[in-house]
Amino acid sequence: MTATVIDGKAFSARVREKAGKQVEILKRQHGLTPGLAVVLVGEDPASQVYVRNKGKATQEAGMKSEEIRLEDTATEVEVLDVVNRLNADPTIHGILVQLPLPKQVDEMAVLDAIDPMKDVDGFHVINTGRQAVGLPAMVPCTPLGCILMLKDTLGELSGLNAVVVGRSNIVGKPMASLLLAESCTVTIAHSRTKDLPDVCRRADILVAAVGRPEMIRGDWIKPGATVIDVGINRIPKEDGKTRLVGDVCYEEAIEVAGAITPVPGGVGPMTIACLLANTVTAACRQAGVEEPEV
Ligand code: GUN
């Protein structure tokens, strides 16, 4: 069997188009232009690419985009000053501080300072808690993108066995929480899990978010399972260049799985699309207007 390839690029284009149409309606009917601010501290090359892409996508959707760059020597107080200014700015509805932050800046303190209503990353503990108990919350973009792709592929998720490999605050934990909210039976596996291949083989839905290139092999996958690969790992090729691979060995997995996200072109594009969707949601909630149906 060869798996269906889940086209994150095409799906994300639909999500972005929807956000763009909603922005048009908000401008026309309410004079409301959603605004997103992205804060980058330091020169991390991968973060620079992400931040540039986020800014571009925000503008393409017709929103206000503000990019704030600080030196990698910036102090925690300087970062907190920027966050506080953005919290108070009525033209900014979403704030994203790109992670990781330099070591002199306490990540938790910065995330905690973001107004939870403007927390389009969904990393504030208020949003984590609200999501966990089923209250309206801002939901982290990458796990949200994974859930949208899973529902599009499988329809109803209720009762399925889901295994999330990885327990990060950015992906693993919120992913597990969202799958639980969809009534999946959820297992979180991690580096200390015993018999990891056996645990993975029980999954109808397998989400890989460990950051280890091609760790999950084809024979760890239940035939017909849906595999969501969150990993983006750059590895050297024989010709001295590099290539991107996921946390799943794609060539093996595609022969066993029912459906699989490729790397690149799977989860990655969905993250930015969901950031735009979250910014629209945040702007509507702050302005007290209904989110436009499109
Ligand atoms: N660094 C890697 N992924 C993310 C993300 O989703 N949000 C932020 N803020 N930083 C990241």
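All of these numbers come straight from a predicted model, not from anything done at the bench. Numbering of ligands and ligand atoms starts at 1, following listing order.
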Inventory of protein N or O atoms under 3.5 Å from ligand 1 N or O:
residue, atom, partner, partner atom, Å
ligand 1, 1 (N), Q98, NE2, 3.3
ligand 1, 1 (N), L99, O, 2.9
ligand 1, 7 (N), D121, OD1, 3.1
ligand 1, 7 (N), D121, OD2, 3.3
ligand 1, 9 (N), V97, O, 2.8
ligand 1, 9 (N), D121, OD2, 2.5
ligand 1, 10 (N), L99, N, 3.0

Next on the checklist: So if I apply the side chain to side chain contact (heavy atoms under 4.5 Å, CB included) rule between E214 and each of D247, V248, V263, V245, which one comes out positive?
Outcome noted: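 Only one of D247, V248, V263, V245 forms a side chain to side chain contact (heavy atoms under 4.5 Å, CB included) with E214, namely V245.
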For the residue pair [X] and [Y], confirm or rule out a side-chain donor-acceptor distance under 3.5 Å.
| X | Y | result |
| --- | --- | --- |
| T142 | T271 | yes |
| Q131 | S177 | yes |
| T281 | E291 | yes |
| Q98 | K54 | yes |

Item to check | Those residues that, when tested against T242, pass side chain to side chain contact (heavy atoms under 4.5 Å, CB included) (two or more places apart) | outcome: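 Scan of T242 (side chain to side chain contact (heavy atoms under 4.5 Å, CB included), adjacent residues dropped) gives R234.
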